[in-house]
Each structure stands twice: as C-alpha cells, then as structure tokens.
Amino acid sequence: MIVKVVRVRDVAIIDMELEPCADVFTFRIEGREIHLCGKTVVLPEPLEEFRKGLLVLVKTPFFVECEGGNCVAARVNL
C-alpha cells in the first residue's frame, strides 16, 4: 500500500490506497502506526502530532481533526 504524507506545522495531508469504512469515523495515530478502519498501517517514520488535516482514501477526501493522536474524520461533500 502506498501512503503519502505531507505535514506543515500542525496540518497534515495523508493520501492512502484504502477504502473508506464510513462517512464519519475515528482513528488513532501512535508513532509510526495509523489504526484506521480496522487495519493498521505502518509508516516508514513516525508521524508528528497534528491538529487538522485532510485524509484522502481512494480519492475520497475527509476533513480531519486530532488531539493527542485520537482523530475524527468526516467525508467532504463536494
């Protein structure tokens, strides 16, 4: 699986080849691991903490807000 991560200050953009599991869901980030939709993805390096972001799952964008590694993602309606 290809995972692309761009982080600037406290904002991150994460692009993953993973199917979305719902329109709104929670996920957790712990060091190099992202626990998302019942799967664990291991990144090559730890992802620094961020507060807001964009998660793209198979070309479906989700707005993300995180605190302490606990995140909520909501599908963007275009």
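Just so it is clear, the values below take in all heavy atoms, side chains as well, and ignore hydrogens, waters and symmetry mates. On a predicted model such as this, the values are computed, not experimentally measured, just so you know. Sequence positions, counted from 1, serve as the residue numbers for this chain.
- By the ring pair (Phe, Tyr, Trp, His ring centres under 6.0 Å) test, Phe63 is found to be paired with no residue, residues two or more places apart in sequence or in another chain being considered.
- Here the side chains of Val64 and Ile14 are not in contact, with every heavy-atom distance at 4.5 Å or above.
- By the 4.5 Å heavy-atom criterion applied to side chains, Leu36 and Leu57 are counted as neighbours.
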Cut-off 3.5 Å, no hydrogens considered: what does the side-chain donor-acceptor table look like for residues 26-33, sequence neighbours left out?
unit_1: Arg28; atom_1: NE; unit_2: Glu30; atom_2: OE2; d: 3.1
unit_1: Arg28; atom_1: NH1; unit_2: Gly68; atom_2: O; d: 3.1
unit_1: Arg28; atom_1: NH1; unit_2: Gly69; atom_2: O; d: 3.4
unit_1: Arg28; atom_1: NH1; unit_2: Asn70; atom_2: OD1; d: 2.9
unit_1: Glu30; atom_1: OE1; unit_2: His35; atom_2: NE2; d: 3.0
unit_1: Arg32; atom_1: NE; unit_2: Leu43; atom_2: O; d: 2.8
unit_1: Arg32; atom_1: NH2; unit_2: Leu43; atom_2: O; d: 3.3
unit_1: Glu33; atom_1: OE1; unit_2: His35; atom_2: NE2; d: 3.3

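- Every residue meeting the salt bridge (Lys or Arg N to Asp or Glu O under 4.0 Å) condition with Glu67, not counting sequence neighbours, appears here in chain and number order: Arg51.
- The CD1 atom of Ile34 sits 10.0 Å away from the OG1 atom of Thr40 when rounded to the nearest 0.5 Å.
- For the side-chain hydrogen bond (donor to acceptor under 3.5 Å, both in side chains) test, residues two or more places apart in sequence or in another chain that qualify with Asp23 are Arg75.
- Applying the ring pair (Phe, Tyr, Trp, His ring centres under 6.0 Å) rule to Phe50 yields no partners; only residues at least two apart in sequence or on another chain are considered.
- Atoms CD and OG1, on Glu19 and Thr60 in that order, are 7.5 Å from each other to the nearest 0.5 Å.
- Across Ala73 and Leu55, no two heavy atoms sit closer than the pair CB-CD2, 4.4 Å.
- You'll find the side chain of Val5 stays beyond 4.5 Å of the side chain of Ile13, heavy atoms only.
- Residue pairs meeting the salt bridge (charged side-chain N to carboxylate O under 4.0 Å, His left out) criterion with at least one member in residues 55-64: none, sequence neighbours excluded.
- Listed by first and then second residue, the disulfide (SG to SG under 2.5 Å) pairs that reach into residues 43-78 are Cys66-Cys71, sequence neighbours excluded.
- Scanning both residues, Pro20 and Cys37, for their nearest heavy atoms gives C-SG, 4.4 Å.
- Note that the NZ atom of Lys52 and the CZ atom of Arg9 stand 15.5 Å from one another [nearest 0.5 Å].
- Within the 4.5 Å cutoff, the side chain of Leu18 has heavy atoms near those of the Lys39 side chain.
- With rounding to the nearest 0.5 angstrom, the CG atom of Leu54 is 10.0 Å from the CZ atom of Phe62.
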